[in-house]
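Worksheet: the structure to be examined is printed underneath.
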2 protein chains.
Amino acid sequence: MTKAPTRIQKRNRAAILSAGLDVFSQYGFRGTTLDQIAEAAGLSKPNLLYYFPSKEAIHTALLERLLENWLDPLKALDASGDPVQEISAYVRRKLALSKDFPRESRLFANEILQGAPWIEGILRNDLKHLVDEKAVIIQGWADAGKIAPVDPYHLIFSIWALTQHYADFDVQVRAVLGDRAPYDGAAVFLDQLYDKLLTPTQADGKAE
Amino acid sequence: MTKAPTRIQKRNRAAILSAGLDVFSQYGFRGTTLDQIAEAAGLSKPNLLYYFPSKEAIHTALLERLLENWLDPLKALDASGDPVQEISAYVRRKLALSKDFPRESRLFANEILQGAPWIEGILRNDLKHLVDEKAVIIQGWADAGKIAPVDPYHLIFSIWALTQHYADFDVQVRAVLGDRAPYDGAAVFLDQLYDKLLTPTQADGKAE
DNA sequence: TCTTGGTTTGACCAAACGGTCAAAAGAACG
DNA sequence: CGTTCTTTTGACCGTTTGGTCAAACCAAGA
């Protein structure tokens, strides 16, 4: 039975996780040092290790916290809703995640770039099964003529790519846009893009 | 006047750059060690440093080589060509780059994730000016009714995101697709996507 | 063959790294 | 106040890191 954490424990654990997220999301696991995290958290290195047993423990805690919510937007895709609206809503949820949690997005990107050493199993199991399941739904919509015929897997990849790009490549986006705000234009553009892609046209033969 | 490199120099320099690309593209600059590169290149560490003066020199050489060709596909976008075909061709060129040079794409992604410490100036100057220039062309096409009205900047971002995703998130894409080949489906999907997005419809008012 | 210049390496260095520990400092509470 | 438990830290440890260097090795032309 574990005791309830004191308020100092709460504060410092939160500070360490936030500092770790800052540094890990920028430099990846191997490129991050405990001293960097300690300084960002405003603690000494031994004090860090009083709250977390190792560098890897901080990293693992962050990845676990991330994965708790990472798949939620896709899980919420509802087979009984209006198809185009369901997908547009998914795009909006992912874009909001990118805007509100860019460090988490970059932490994930770093993990994937490194070959997903910690979460490869989750990708091959949880993620794959979830995408397979949702791909069936989307394929059903396409077969029923409710959306234009489209490869469901690449449709989902496109949503990941387009939304996470604004968090992961933030520096580049801002360098190009100057002082214009990225996310307003992005929301309009993505709405337009998926509306045009998915709204069925006369050319798309409808099923009975 | 520098002497012509011997064949051993050519071979070893190439081996070091290839090995460096392998490791840097996976772990980033800080997460990469000289020993890793040396082992991947099949050389001893002091021998590495006989060909390159420092770890940073290898990294810089790789970034410079990358940037030589990185912007070419966008530069080739031709104002006098057919608008939809020009953009589709740009998408195909970028997708081919992603397929044929995935390590370079990941090296770039790592640099951006780290805040672009080496190439921030290039992003703010060369890249921004190039995109500004091409955005004018695309805006002109839209104003003339030759493509559907669309934000040129986010259009370009979308092409970057969608094509580089297949290289940068390769592990995730393959985990989801299983043994299916990513790039065939991607090419079809992207063709379809940009055709639908850009082909003007009756709803888009044409200019005189 | 010998010599010259390019190539390779074992041994080494100082700094940075992840992590430990005992002891000091501080909070909490009767 | 004194006691107990939590928190913080300076000093330290073994390893890894980027990098150096003199010496050994080797290829090739005269």
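Not measured: the values here are computed from a predicted model. Letters A, B, ... are given to chains in the order of the sequence lines, protein chains preceding strands, and every chain is numbered from 1.
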| query | With sugar-phosphate meaning primed atoms plus P, OP1 and OP2, does B:Leu49 contact a base, only sugar-phosphate, or nothing at under 4.0 Å between heavy atoms? | reply | base
| query | Hey, is the side chain of B:Gln9 poking within less than 4.0 Å of OP1 or OP2 on C:dT7, counting only N and O atoms? | reply | yes
| remark: Regarding the side chain of A:Ile8, the nearest nucleotide among C:dC17, C:dT7, D:dT7 is D:dT7
| How are the rings of A:Trp118 and A:Phe29 set relative to one another: parallel (under 30°), tilted (30 to 60°) or perpendicular (over 60°)? | perpendicular
| request: Write down the distance between CG (B:Leu34) and P (D:dT20), rounded to a whole number of angstrom. | output: 11 Å
| query | Looking at A:Asp170, A:Asp168, A:Asp22, which one forms a salt bridge (Lys or Arg N to Asp or Glu O under 4.0 Å) with A:Arg103? | reply | A:Asp22
| request: Name the closest nucleotide to the A:Asn47 side chain, picking from D:dT6, C:dC17, D:dT9. | output: D:dT9
| When all nucleic acid strands are considered with a 4.0 Å heavy-atom cut-off, which category describes B:Arg7: base, sugar-phosphate, or nothing? | sugar-phosphate
| message | Surrounding CD of B:Glu133 (heavy atoms of other residues, nucleotides or ligands, distance under 6.0 Å), is the total greater than 12? | response | yes
| field | Base D:dG19 to side chain B:Lys55, donor-acceptor N/O within 3.5 Å cut-off | value | no
| field | Rounded distance in Å - CG (A:Asp35) to P (D:dT16) | value | 18 Å
| query | Nearest of D:dG19, D:dT9, C:dG18 to any side-chain atom of B:Ser54? | reply | D:dG19
| Rounded distance (Å) that lies between atom P of D:dT16 and atom OH of B:Tyr27 | 16 Å
| task | Ignoring the backbone of A:Lys45, work out which of D:dT6, C:dG19, D:dT20 is nearest its side chain. | result | C:dG19
| task | Classify the nucleic acid contact of B:Arg30 as base, sugar-phosphate or nothing, counting any heavy atom under 4.0 Å across all strands shown. | result | sugar-phosphate
| field | Selection from D:dT8, D:dC21, C:dG6 that lies nearest to any side-chain heavy atom of B:Tyr50 | value | C:dG6
| query | Should A:Thr33 be listed as having a side-chain N or O under 4.0 Å from OP1 or OP2 of C:dA16? | reply | no
| field | Between B:Phe169 and A:Trp160, ring centroids under 6.0 Å | value | no
| request: For B:Tyr51, report the nucleic acid contact type (base, sugar-phosphate, nothing); a contact means any heavy atom under 4.0 Å. | output: sugar-phosphate
| remark: Quick note, A:Asn12 side chain, CB onward, closest among D:dT7, C:dG18, D:dT8 is D:dT8
| field | Length of the CD1-P vector between A:Ile16 and D:dT7, whole Å | value | 11 Å
| task | Round to a whole Å and report the spacing from CZ of A:Phe24 to C1' of C:dG18. | result | 12 Å
| task | Report the relative orientation of the aromatic rings in B:Tyr183 and B:Tyr166; use parallel for angles under 30°, tilted for 30 to 60°, perpendicular for over 60°. | result | tilted
| message | Nearest whole Å is fine: how far is C:dT7 C1' from B:Phe52 CZ? | response | 16 Å
| message | Can you measure B:Glu39 atom CD to D:dT16 atom P for me and round it to whole angstrom units? | response | 14 Å
| To the nearest angstrom, how far is A:Ile37 atom CD1 from C:dG18 atom C1'? | 11 Å
| What nucleotide among D:dT9, C:dT9, C:dG18 has an atom nearest to a side-chain atom of A:Ser44? | D:dT9
| said: Quick one, B:Arg92 with B:Asp191, criterion salt bridge (charged side-chain N to carboxylate O under 4.0 Å, His left out). Give me CA distance, side-chain angles, the key distance, then yes/no. | reply: CA-CA 8 Å; B:Arg92 276 192 282 272; B:Asp191 257 5; 2.8 Å; yes
